[in-house]
Every structure is written in C-alpha cells, then in structure tokens.
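I have placed the structure first, in the form of structure tokens, so that the comments after it can refer back to it.
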Amino acid sequence: MKQPIIALILLALASIPASGKNKIPERARWMQKGIYGIMYPLTAEKTGVSNAAEWNELINKFDVATFARQAEAAGAAWVIFPLGGDSGYWCAPSTVMDKLLPDRPSRCSKRDLPLELENALHRKGIKLILSMPSRAPQNDPVGMKALGDTEPFSPAPDLFKIYWETAIREWSGRYGTRLAGWWFDQVHNWDGWDDESLAQNFSTWADAAREGHPNRLLAFNSKKVAHFARRGKRKPDPLDFTTGESMDGFTTPPPKTDREVPPGALGHKRIPLSGQWGGLGYPVQPAFNIAEWIQGLTQRGRVLTIDVGVFGLDGRYGLLPPWQLECLNRVRKQVHEGVIVPEAPGKMDDLATITGYFPSSISPASPGDTAPLLLTTGATGTGDAFITTREDDPFIVLSLAAPATLRRLEIHPSPASHWSETALGVWMWKSPAAPMSPAAAAVPENWVRIWQSEDIAWQWILTMDDGITLKHLKIGLEQADVAFRLGRVKLYGDLSTKAAQTLPEAWRARQEAEQEEEQQQE
C-alpha cells in the first residue's frame, strides 16, 4: 500500500515547478533562448524633428543595412524599435491615420521602415518587435482629438479604442510572421480594456496586434502587471512578457525569485546601457560586469533588452554609438561564445584613441578621503574615482607622459553620483611642459580654468577646435556640496614632442579677465 502512495507523492512533487521557475508561453521560448536584445528608441522627440518634411528626410536616411549588421555584432537576438511616439510621427504609412487627419501633412513616413527592418534583421537571424504608445500621442493635441482620446490616466473612450485597434490591425497584417512582437508603452489605465463584456477589450486589442501572426508576443508597460505578480495572480491572457523598465544600471543583483513576474509570463527587463533612455553616454558598467549580470539573469530564466543610444552621423541614423557597440561586442563574445575580452584602459601617452579609467587601486577610499588622485603614465585598472565633499579643493588630476594638444574631452559621471546643485570645472596646469607634484596640484594658483559646466548632465563633451597644449589636467567641483563619482574620462588629441612654452592667447585673456573681476569684487 505504501508504494502507490509514495508514487503519488512523487508524481505530485514532479508537477510542481522548480523554485523560481515560471511556466512561460510556448511562443516565448525563442526569446528565452535568445538571452538578450537591444532597443533603439528612435522618435521625433529624440531627434528634434518638428515637421513632416524633416521626419520623412530622417526616415529616408535611416541606414537599414548598417543597423542590421551592428545589431548582429551587438549579439542581439531581437530588436525593439518604435513605430511611433508621443509626437504622433510614425515611421510607416497608415491609411487609418491619414483618413483621420486629412487636413494636415501626414506624419506617417512614406518609407515603410519596419518592413525593411524586419527583412534585413531576418537575414541576420534577428527578430523585430515594434513599440508604440497605448494611447493617442499625448504631444499631438490635433491627433488626440481626431482619434477621440483623452489623457492616458483616464479610461480609454470607446471611439478611440475602435480607431486604435483598426490602426494596429493594419500595421500588424502588413508585417506578417516576421514581426515577432509588440511592446505597448504607458498602459496607465486598464478600465474598460479588462472588461470582456465590452466590444473592445484586451482580447480584441490582442487580436488586432496578432493579425497575420497568431504567435506574436505582446507586452504591456503597466504597474498593474506588478500588482498581479505580487498577488500571485495569473496575468491577463494577452501578456506574454513583462516590459521590465529599470534604471539600476546592472548594479542591482538579478532577482532571485519570480515574485515580480505574473504566472504564465516571461520575465523581461529593459535597462539603458548609458544610464539614460536612448542616451549617447558611455556604458555605465564595463562589458565584463554586464555580461556576468546577464548570465545571472539567464539563470533565472529571464531575458534582457539593452536600451542603446540613438546615434546619427551627418543626419544619417541607424547607427549605434561606437563606444556602446564596442562594449556590446565584448558582451556578445562573453555571453554567446564564452570568450572574455579584457577592457584595456589604454596608455596615457596615446591620446589619439585613449580611454582612461581612474584606477580603483589609487582612488580615495571613501567620500571623506581628502587625498588627491594623481593618474600617471601607464596606470591601469578599472573603477570609479570620487570627487567628493570636503573643505579643501575636491579634484582629480590626469598627468600625461608628455605635453600634448588636447582637442576633445569627454567626462562621464558614474550613475552612483549623488546629483545636486553643483558645477563641474576643468583646469589645465599653467606651464604645460613643467612637471608637477601631488602637493603642488592642490594649489589653485597653479591652474587655469578652461571650462565650467552650466548644469547637471549625464555626460559633458568639450571640443576645442584650435586645441590646447597641456601635460596636466584637473577635473573637480566648483562647489563642494555633493558626493560626486566620476566614471570615465576620454581624451582625443595630437601627440606633441615639443612642449608648448606659453598658454594660448584666448585662455591667457580669460585668466586675466577672471583675476580682474575677482579684484573688483574684493
């Protein structure tokens, strides 16, 4: 008698999912196997477009072939790409939108960019997922009125739902089986959509989104999804994967449980590579750290979309920022091929391609440490350097191997910085050819300020057309009222074997003007 009972117990235990495991939709298996993708949030808002002619010109210049090659180099199994945003500009034709808004130039591009994208990506084995708002474009009052919609926190009007589903159905049917999914943003109010007794609801929305491809994946960006997860409730049937927006910068450990993912959905996160959605900054973490973080997420059965910068060159979009693509290339090799490519900080005497990290081995130990940081030739290592609150002059110094002409300086703060009302300054040593001791570096009279920030930013880029010859560069706070963490500095310039003996006249005049102003104030 005992044996059948034990068998029944074992059978029951076998039917219980393993701890942390979530039974996902069969149609989402390809996404889970793909591990990660990228999102390229190209919108009119992000590119500064202000009229239909500019929008068509931008879409016509989009380099589909290069974009597909770079997505492949980045290791992306899928690409999430916006069909449109809150501006009401769409990167594809739509008879629905044009019929509703016949009295103004169409904000739908003449070129069908998604159609070209899905074909180019398909040849690389990459799937396309389109994103769009869940409500009428909120920055287009004329479009909102034509679509019969209100602001997104109110229940969706019935007329709007009919128009919206009709537009989605047209696009969905056009793109067929090569459109792998939809990522619907800003689902702030579910009232009406979750009522199956109404003519338009989540099921009819999903039917429109799956027109031409019944296995298309759907995601709805809403806090209510987390509500379902916390209560252990099954997600609404149309939901296949979570949107998972997060600004943690790959620093928070991947979740150890599935408590934030509703049963029956694939856990998915979206994280900006630069620390800012669509930002052009440098990756917030080295490639090795990002790859390890992804591998930890994969162990939980979840997937990731990495939000990359919307980069244009001479008006041509469809490019990833080179510094982000370089990082993702290393991530691809580590995650997909098991090959770790070290990130070399570069030599301090090679200004043409230098990327300088501040070595953690000589960084101040804590925000309260008052020791200045001197980066010397050949210093290696990775990590952040603190510019911190303290009574004396908070700064770090770069010391080059030989005087060189600096033409471009990029400063990228760490996401760990505590932002406040402060100003960042850059100074050069008065005598470009002269040596400098750490003690002398602390004396303000030894420096000339060449730049000061006007506001807080995720990155600062200084360009100097004529170049500035220097050997020592100081970066620090103008106001010491915040703990500020510097992540990366990148220099571009020309090597100079001849030491410049004098400062450029423009900077000399500026220094004299500042001194005169200070004397008048005294």
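Residues: numbered from 1 along the sequence shown. The analysis underlying the following values was restricted to heavy atoms, covering all of them including side chains, and did not include hydrogens, waters or symmetry mates.
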Review point. When you look at His188 and Ser222, which way does the side-chain contact (heavy atoms from CB on, under 4.5 Å) test go after all the steps?
Key: CA-CA 6 Å; His188 298 305; Ser222 170; over 6 Å; no
**Study point:** Heavy-atom closest contact (Ser274 atom, Gln324 atom, distance)
**Key:**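 The pair with the smallest heavy-atom distance is CB-NE2, 3.8 Å.
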Practice item. Can you see which heavy atom on Thr243 is nearest to which on Ala219, and at what distance? Key: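 Between these two residues, the closest heavy atoms are CG2-CB, 3.8 Å.
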Between [X] and [Y], does any side-chain donor sit less than 3.5 Å from a side-chain acceptor?
X      : Y      : result
Asn221 : Asp185 : yes
Ser87  : Asn139 : no
Arg69  : Thr66  : yes
Glu151 : Ser154 : yes

Exercise for review: Please tell me if the side chains of Arg270 and His268 come closer than 4.5 Å, counting only heavy atoms from C-beta onward.
Suggested key: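 Yes, close enough: below the 4.5 Å cut-off.
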For [X], ring-ring contact (aromatic ring centres under 6.0 Å, His included) partners two or more places apart:
X      : value
Tyr40  : Phe67
Trp183 : none
Phe311 : Trp323

Check your understanding: Are Arg104 and Asp140 within salt-bridge range, i.e. N to O under 4.0 Å?
Key ->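 Asp140 and Arg104: salt-bridged.
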What pairs of residues pass the salt bridge (charged side-chain N to carboxylate O under 4.0 Å, His left out) test when at least one of them lies in [range], not counting sequence neighbours?
range            : result
residues 171-181 : Asp112-Arg174, Glu170-Arg174
residues 34-54   : none
residues 71-86   : Glu72-Lys124
residues 125-135 : Arg135-Asp149

Review point. What pairs meet the ring-ring contact (aromatic ring centres under 6.0 Å, His included) rule with one or both residues in residues 97-133, with sequence neighbours excluded?
Key: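 Sorted result for residues 97-133: empty, none.
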Once side chain to side chain contact (heavy atoms under 4.5 Å, CB included) is applied, do any residues pair with [X], and if so which ones, sequence neighbours excluded?
X      : value
Lys110 : Asn56
Leu159 : Tyr163
Met97  : Trp90, Ser94, Cys108, Leu147, Trp164, Ala167, Trp171
Asn215 : Arg27, His213

**Study point:** Cation over ring face, Lys161 and Trp205, 6.0 Å, 45°
**Key:**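 No, a cation-pi geometry is absent between Lys161 and Trp205.
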Exercise for review: Could you check whether the rings of Phe202 and Trp193 sit parallel, tilted or perpendicular, using 30° and 60° as the cut-offs?
Suggested key: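 Taking Trp193 first and then Phe202, their aromatic rings sit tilted (interplane angle of 30° to 60°).
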Exercise for review: Anything under 30° is parallel, anything over 60° is perpendicular, the rest tilted; go ahead and classify Tyr89 against Trp55.
Suggested key: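 Correct class here is tilted.
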Between [atom1] of [X] and [atom2] of [Y], what distance do you get to the nearest 0.5 Å?
X      : Y      : atom1 : atom2 : answer
Glu196 : Thr204 : CD    : OG1   : 8.0 Å
Ile59  : Phe62  : CD1   : CZ    : 7.5 Å
Arg332 : Ile35  : CZ    : CD1   : 13.0 Å

